[in-house]
Colleague: 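What follows is a structure written as structure tokens; I'll ask about it next.
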Amino acid sequence: MAEQLWKGRFSKAVDARVNDFNSSIRFDQRMVRQDINGSMAHATMLGEQGIIPEEDREAILTGLQEILADLDSGALTIDPTAEDIHTFIEQTLTARIGDAGKRLHTGRSRNDQVALDIRLTLRDETAGLTEQILALIEALCAQAEKNKESVMPGYTHLQRAQPVTMGHQLMAYVWMLLRDCGRLQDAVARMMRDCPLGSGALAGTTYPLDRELTAQLLGFDGPCPNSLDGVSDRDFCIEIAAALSICMMHLSRLSEEIILWSSWEFKFIELDDAFTTGSSIMPQKKNPDVTELIRGKTGRVYGDLNTLLVMMKGLSLAYDKDMQEDKEAMWDAIDTLSLCLRTLTPMLATMTTLPDNMRAAAARGFINATDCADYLTKKGMPFRDAYKLTGAMVSDCLGAGKTLEQLSLEEFRAYSPLFAPDIYQAIDLLTCCEGRASYGGPSRASVQAQIDAARARVAALRAEADGDEADDAGDGPDPQQD
């Protein structure tokens with residue numbers, strides 16, 4: 001079993017049950033690459049400042065790079081009995097390069113080390129999540145473009161309200177998801193302002209550290225200005241978890257739409273067989289289990305956010321062991337959202353829309369009644385009178401089992417002599433959508449403009465991410481330098 005780094009203070013061995021309870025290796029090993037990168041930056045700084053000999057710095061950097069390569073190749077596996085990933089890396093390094101490895105931790109605590117590692121890991125993990133969200137946005141834009149003329153009922157209170165198109169409906173979710181990407185960007189930018197490395201356990205260190213250098217090497221704007229704050233807060237975890245929760249909420253709302261639209265009561269869409277399941281007893285069933293699970297998993301991510309909030313709410317400064325719980329909650333939220341995105345995106349890409357069914361539902365819902373009233377208003381009738389007259393027409397149509405479009409011109413003129421043959425064009429459902437040409441509306445031109453703008457934003461976000469990756473590739477020390 002790996003030896004604890006802190007055992008010198010104790011006269012007897014820790015109970016095995018306490019070791020198991022205390023250990024975090026099973027979940028903090030996820031940060032192994034970030035831990036090594038942080039240690040390389042720290043060792044580089046120690047050498048630059050003359051805190052450790054130059055030859056020890058070179059040995060540490062080379063040893064850490066070899067450990068990372070061996071982990072990547074499978075030549076080295078992480079010891080599950082190690083207390084944490086930091087202990088495993090340091091002890092493996094020391095076993096390979098001798099006393100020089102023992103100098104790596106000079107001027108550093110596991111408190112600032114883990115505060116750094118989780119920040120670097122979240123930066124990398126959120127970049128992957130953002131790319132997954134962008135892929136979903138692309139799938140939605142493609143479906144929206146195919147359905148710019150697919151008229152469907154727009155709903156308020158889940159009652160048919162006004163005509164929109166499926167393209168317009170889907171683009172609403174695109175803008176929600178783009179804001180989710182923005183929230184993640186903002187949270188990461190705030191997190192990467194202040195580097196905690198060099199904060200020590202809580203009160204800094206007596207060594208002449210160059211904290212500006214380590215911050216620069218690791219991609220931070222600068223060092224955190226207060227050592228207590230550097231090691232004792234996890235507000236950045238909470239902020240990212242909140243952004244993930246909002247994104248899950250949007251996926252859950254979209255999932256609810258898919259569930260409704262794929263039901264026989266709506267039948268606006270048909271899901272591909274590859275993304276549905278059947279019943280063990282009812283052979284006719286085709287269940288949207290993917291979207292139902294997304295609704296359920298949304299509550300799970302909310303729980304992860306709540307875990308972080310409750311974990312932090314009563315902690316005094318500085319570090320407390322409670323904060324070890326941050327990682328499991330964060331990894332679960334990240335993995336859950338990733339799984340949902342990975343499954344939902346191809347499901348939407350292969351979804352078939354049924355425009356005839358959507359249009360029939362729109363016609364039956366009298367969602368062009370507002371347009372009929374607007375027609376009369378434009379002919380000179382006061383709006384309130386037009387509203388009242390159109391309501392009476394709808395009531396009569398319901399009694400007669402007709403829609404407004406099915407009324408003859410004579411029937412229209414029996415309500416008002418203002419009606420003329422152009423009424424049929426005015427209340428045509430696609431015309432109703434096209435007439436709503438205001439910015440952000442459901443007209444074909446508006447939907448296409450939204451699609452073009454969204455795709456441009458996706459391209460810009462990817463370009464920003466590529467630039468950040470290039471910057472990150474330049475971060476950190478070269479183990480073969482000098």
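Numbers for residues simply follow the sequence, beginning at 1.
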Colleague: Ignoring hydrogens and geometry beyond distance, is a side-chain donor-acceptor pair present between Asp84 and Thr87 at under 3.5 Å?
Modeller: yes
Colleague: At what distance, to the nearest 0.5 angstrom, does CD1 of Ile89 lie from CG of Leu104?
Modeller: 10.0 Å
Colleague: So which pairs with a foot in residues 298-311 pass side-chain hydrogen bond (donor to acceptor under 3.5 Å, both in side chains), sequence neighbours left out?
Modeller: Arg300-Asp332
Colleague: Between Glu131 and Arg462, does the salt bridge (Lys or Arg N to Asp or Glu O under 4.0 Å) criterion hold? Intermediate values first, please.
Modeller: CA-CA 8 Å; Glu131 175 53 38; Arg462 285 197 169 124; 2.7 Å; yes
Colleague: What's the shortest heavy-atom distance between Ile60 and Ala100, and which atoms?
Modeller: CD1-O, 3.4 Å
Colleague: Would you please test Leu260 and Leu158 for side chain to side chain contact (heavy atoms under 4.5 Å, CB included) and show each step?
Modeller: CA-CA 11 Å; Leu260 290 172; Leu158 203 55; 4.1 Å; yes
Colleague: I'd like to know if the side chain of Asp35 reaches the main chain of His86, judged simply by a donor and an acceptor atom lying under 3.5 Å from each other, with no hydrogens or angles considered.
Modeller: no
Colleague: Contact between Asn111 and Ser199 at the side-chain level, heavy atoms closer than 4.5 Å - yes or no?
Modeller: no
Colleague: Can you name the closest pair of heavy atoms from His42 and Gly107 and give their distance?
Modeller: CE1-O, 3.9 Å
Colleague: Is any side-chain heavy atom of Cys237 less than 4.5 Å from a side-chain heavy atom of Ile118?
Modeller: yes
Colleague: Run the salt-bridge test on Arg211 and Asp112 with the 4.0 Å N-O cut-off and return the result as yes or no.
Modeller: no
Colleague: Okay, side chain of Thr92, backbone of Phe88: is any donor-acceptor separation there less than 3.5 Å?
Modeller: yes
Colleague: Answer yes when Glu256 and Arg253 have at least one side-chain N-carboxylate O distance shorter than 4.0 Å, and no when they do not.
Modeller: no
Colleague: Donor-acceptor pair, Glu325 side chain versus Met311 backbone, under 3.5 Å?
Modeller: no
Colleague: Are Met358 and Trp261 side-chain neighbours, meaning at least one heavy-atom pair lies under 4.5 Å?
Modeller: no
Colleague: Could Asp72 and Arg33 be called an ion pair, given the rule that one side-chain N must be under 4.0 Å from one carboxylate O?
Modeller: yes
Colleague: Between atom CD of Gln450 and atom CD of Gln448, what is the distance when rounded to the nearest 0.5 Å?
Modeller: 10.0 Å
Colleague: Do Ser227 side-chain atoms and Leu202 backbone N/O form a donor-acceptor pair below 3.5 Å?
Modeller: yes
Colleague: For the backbone of Asp229 and the side chain of Asn226, can you confirm whether one donor and one acceptor N or O come within less than 3.5 Å of each other?
Modeller: yes
Colleague: With a 3.5 Å cut-off and no angle check, do the side chains of Thr165 and Arg444 form a donor-acceptor pair?
Modeller: no
Colleague: Does the side chain of Ile334 come within less than 4.5 Å of Leu122's, by heavy atoms?
Modeller: yes
Colleague: So, do Leu354 and Ile269 sit near enough that their side-chain heavy atoms are less than 4.5 Å apart?
Modeller: no
Colleague: Tell me if a side-chain donor or acceptor on Asp194 pairs with a main-chain N or O of Cys224 at a distance below 3.5 Å.
Modeller: no
Colleague: Show the atom names and distances, to 0.1 Å, of all donor-acceptor pairs under 3.5 Å that link a side chain in residues 177-186 to residues at least two apart or in another chain.
Modeller:
| residue | atom | partner | partner atom | Å |
| --- | --- | --- | --- | --- |
| Asp180 | OD1 | Arg183 | NH2 | 3.0 |
| Asp180 | OD1 | His250 | ND1 | 3.2 |
| Asp180 | OD2 | His250 | ND1 | 2.9 |
| Gln185 | NE2 | Glu464 | OE1 | 2.8 |

Colleague: How far apart are the C-alpha atoms of Thr214 and Leu209, what are their side-chain angles, what is the distance that settles it, and do they pass the side chain to side chain contact (heavy atoms under 4.5 Å, CB included) test?
Modeller: CA-CA 9 Å; Thr214 50; Leu209 305 182; over 6 Å; no
Colleague: Can you find a side-chain donor-acceptor pair between Gln132 and Thr345 that sits under 3.5 Å?
Modeller: no
Colleague: Which atoms form the tightest heavy-atom contact between Ala454 and Met171, and what is the distance?
Modeller: CB-CE, 4.0 Å
Colleague: Take atom OH of Tyr207 as the centre, draw a 6.0 Å sphere, and report whether it contains more than 12 heavy atoms from other residues, nucleotides or ligands.
Modeller: no
Colleague: Check whether any side-chain heavy atom of Leu93 lies under 4.5 Å from a side-chain heavy atom of Glu90, and answer yes or no.
Modeller: no
Colleague: Quick one: side chain to side chain contact (heavy atoms under 4.5 Å, CB included) partners of Gln49, sequence neighbours excluded?
Modeller: Met45, Ile51, Pro208, Asp210
Colleague: Taking all atoms of both residues into account, what is the closest heavy-atom pair of Ser232 and Met312, and its distance?
Modeller: O-CE, 3.5 Å
Colleague: Side chain of Asn357, backbone of Lys267: donor and acceptor closer than 3.5 Å?
Modeller: yes
Colleague: Determine whether a donor-acceptor pair (N or O, by modelled atom type, separation under 3.5 Å) exists between the side chain of Lys286 and the backbone of Leu271.
Modeller: yes
Colleague: Working to the nearest 0.5 Å, report the span between CD1 of Ile36 and CG of Leu61.
Modeller: 12.0 Å
Colleague: Working to the nearest 0.5 Å, report the span between CZ of Arg110 and OG of Ser24.
Modeller: 8.0 Å
Colleague: Report yes or no: do Glu125 and Trp331 form a side-chain donor-acceptor pair below 3.5 Å?
Modeller: no
Colleague: Measuring only between side-chain heavy atoms, which start at C-beta, is Leu251 closer than 4.5 Å to Leu337?
Modeller: yes
Colleague: Consider side chain to side chain contact (heavy atoms under 4.5 Å, CB included). Of Asp124, Asn37, Thr121, which one does Met31 pass it with?
Modeller: Thr121
Colleague: Please check if the side chain of Ser252 supplies one atom and the backbone of Met248 the other of a donor-acceptor pair under 3.5 Å.
Modeller: no
Colleague: Should Gln324 and Tyr319 count as side-chain neighbours, where that means a heavy-atom distance under 4.5 Å?
Modeller: yes
Colleague: Passes side chain to side chain contact (heavy atoms under 4.5 Å, CB included), Arg96 versus Leu76? Steps please.
Modeller: CA-CA 12 Å; Arg96 291 186 175 195; Leu76 174 66; 4.0 Å; yes
Colleague: Evaluate side chain to side chain contact (heavy atoms under 4.5 Å, CB included) for Asp235 paired with Glu239, printing each intermediate quantity in order.
Modeller: CA-CA 6 Å; Asp235 56 353; Glu239 188 173 5; over 6 Å; no
Colleague: Atom OG1 in Thr291, atom CD1 in Ile259: separation rounded to 0.5 Å?
Modeller: 4.0 Å
Colleague: Does the Ser446 side chain pair with the main chain of Gly441, one donor and one acceptor, at a distance under 3.5 Å?
Modeller: yes
Colleague: Indicate whether the side chain of Asp117 and that of Gln113 have a donor and an acceptor atom separated by less than 3.5 Å.
Modeller: no
Colleague: Which pair of non-hydrogen atoms, one from Leu116 and one from Leu197, has the smallest distance, and what is that distance?
Modeller: CD2-CD2, 4.0 Å
Colleague: Strictly below 4.0 Å, N to O, side chains only: are Arg455 and Glu145 in salt-bridge contact?
Modeller: yes
Colleague: How long is the straight-line distance from NZ of Lys102 back to CG of Asp56, given to the nearest 0.5 Å?
Modeller: 12.0 Å
Colleague: Might you point out which heavy atoms bring Ile78 and Ile25 nearest each other, and give the distance in Å?
Modeller: CG2-CD1, 3.8 Å
